[in-house]
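By convention here, the first residue in the shown sequence is residue 1. Counting convention: from 1, in listed order, for ligands and their atoms alike.
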Amino acid sequence: MGTLILVRHGQSTYNAENRFTGWVDVPLTDQGVAEAKEAAKAIEADGLRPDVLVTSVLERAITTAELMLHELERPWLPVLRSWRLNERHYGALQGLNKAETAARYGDEQVKLWRRSFDVRPPETDVEAQRLLHADERYRMLPLALVPRTEALCDVIDRVLPYYYDVIVPLLWDGHTVLVSAHGNSLRGLVKVLRDLDDDEVVSLEIANGEPLVFRVP
Ligand SMILES: O=C(O)[C@H](O)COP(=O)(O)O
């Protein structure tokens, strides 16, 4: 049996400014740094010792994990990273203030964009997709796989192949795997791990720096 520890990155600058983030690569705030260290203390208090690290390719998740491993005195852990664990792409909402967007489109619409299973935010234009594709991290992907927007169902479709093909074999080998990722990539994974239906997942919230632990047989 393996142990899976899921952690959402600490507070980012866009979280602090209440802006839609998605694939925008923003750093942690001082509060985010403190949350990462607290997350490490929490898993240590539970007697957990990660022996493999898995992250998205976004800085806020990578820094959170590095701070955690430093705190746990395990900075030498083997590391795997994948774009498949990135935050849900928030489409044309990325960079906008969430409260201003709710004032413009209404709370109900914004709740659908933020929490529904299958409602996608408006797409970015093709030029924004090409710019993202030019980023070294995503250049190896076919352009069609570089998102212009995503709903939670799309995130689940890209996260699950990585989970089953890469993470589960590590868990079957008895590893304790620390996954540092994002609110919605982890909501997608938790939906599957807890077998939540499409309506239940609407109320699932994952806080910054709060570790979630699963034993995987
Ligand atoms: O991408 C974002 O804006 C956040 O990381 C998660 O946002 P949410 O709480 O609106 O899903």
Side-chain angles (χ1 to χ4, degrees), residues 6-36 39 55-65 67-68 81-124 128-129 132 135 137-138 146-159 179-192 194 196 198-212:
L6 305 180
V7 180
R8 179 185 176 196
H9 62 83
Q11 185 195 57
S12 70
T13 52
Y14 268 27
N15 291 151
E17 293 162 14
N18 198 26
R19 295 211 253 167
F20 292 99
T21 320
W23 282 38
V24 180
D25 203 8
V26 289
L28 297 184
T29 61
D30 290 347
Q31 181 181 319
V33 169
E35 286 167 347
T55 78
S56 73
V57 294
L58 292 169
E59 175 184 338
R60 56 196 186 274
I62 293 169
T63 310
T64 296
L67 289 163
M68 289 182 72
R81 306 193 198 283
S82 176
W83 66 277
R84 288 183 179 274
L85 295 172
N86 275 11
E87 181 54 295
R88 172 263 292 275
H89 194 293
Y90 248 127
L93 301 181
Q94 291 188 164
L96 301 183
N97 180 279
K98 292 179 185 178
E100 288 169 12
T101 306
R104 180 164 176 202
Y105 295 98
D107 289 337
E108 273 314 301
Q109 180 60 62
V110 169
K111 187 172 177 195
L112 282 174
W113 283 334
R114 292 183 67 187
R115 291 292 171 264
S116 72
F117 178 64
D118 54 6
V119 177
R120 296 183 182 98
E123 291 183 327
T124 56
Q129 185 190 32
L132 190 56
D135 187 310
R137 283 168 285 194
Y138 311 121
V146 176
R148 292 173 58 190
T149 187
E150 289 180 310
L152 190 67
C153 58
D154 303 315
V155 177
I156 292 173
D157 284 349
R158 69 164 152 87
V159 168
V179 176
S180 179
H182 304 267
N184 293 295
S185 52
L186 294 179
R187 280 177 73 237
L189 190 50
V190 170
K191 178 185 188 298
V192 174
R194 291 193 185 147
L196 302 178
D198 299 356
D199 295 329
E200 286 172 317
V201 78
V202 171
S203 52
L204 174 65
E205 297 284 342
I206 298 179
N208 293 105
E210 181 198 326
L212 302 173

Looking at K191 and D198, is there a salt bridge between them, counting it only when a charged N and a carboxylate O are closer than 4.0 Å? yes
Looking only at protein heavy atoms, identify the closest one to atom 3 (O) of ligand 1 and say how far it is in Å. T21 N, 2.9 Å
Among R120, R88, R148, R84, find the one that has a salt bridge (Lys or Arg N to Asp or Glu O under 4.0 Å) with D154. R120
Distance under 4.0 Å to a non-hydrogen atom of G22: what atoms of ligand 1 satisfy this? 1 (O), 2 (C)
Measure the spacing between NZ of K98 and CZ of R19 and express it to the nearest 0.5 Å. 11.5 Å
Is E200 close to R194 at the side-chain level, that is, under 4.5 Å between some pair of heavy atoms? no
List the atom pairs, with distances to 0.1 Å, where a side-chain N or O of residues 100-107 and a protein N or O form a donor-acceptor pair under 3.5 Å, not counting sequence neighbours.
residue: T101; atom: OG1; partner: N97; partner atom: O; Å: 2.6

Does atom CD of E108 have more than 12 heavy-atom neighbours from other groups under 6.0 Å away? no
Counting only heavy atoms, which portion of R8 has something under 4.0 Å from ligand 1: side chain, backbone, both, or neither? side chain
Please output the side-chain donor-acceptor pairs of residues 9-16 that fall under 3.5 Å, not counting sequence neighbours, one pair per line with the distance.
residue: H9; atom: NE2; partner: R60; partner atom: NE; Å: 3.4
residue: Q11; atom: OE1; partner: T29; partner atom: OG1; Å: 2.6
residue: S12; atom: OG; partner: Y14; partner atom: N; Å: 3.4
residue: S12; atom: OG; partner: N15; partner atom: N; Å: 3.0
residue: S12; atom: OG; partner: N15; partner atom: OD1; Å: 3.2
residue: N15; atom: OD1; partner: S12; partner atom: N; Å: 3.0
residue: N15; atom: OD1; partner: N208; partner atom: ND2; Å: 3.4

Counting from 1, what ligand 1 atoms have a heavy atom of R19 closer than 4.0 Å? 3 (O)
Relative to ligand 1, is Y90 under 4.0 angstrom through side chain, backbone, both or neither, heavy atoms considered? side chain
Run down the list R88, R187, E87 and name the one with the heavy atom closest to atom 5 (O) of ligand 1. E87
Within the structure, does R115 bring an N/O atom to less than 3.5 angstrom of an N/O atom in ligand 1? yes
Near F20 (heavy-atom distance under 4.0 Å), the atoms of ligand 1 are 3 (O)
Rounded to the nearest 0.5 Å, what separates atom CD in E35 from atom CG in L67? 11.5 Å
Ligand 1 atoms nearer than 4.0 angstrom to some heavy atom of R114 are 8 (P), 9 (O), 10 (O)
With a 4.0 Å cut-off on heavy atoms, is K98 touching ligand 1? yes
Does any N or O atom in H9 lie less than 3.5 angstrom from one in ligand 1, N or O only? no
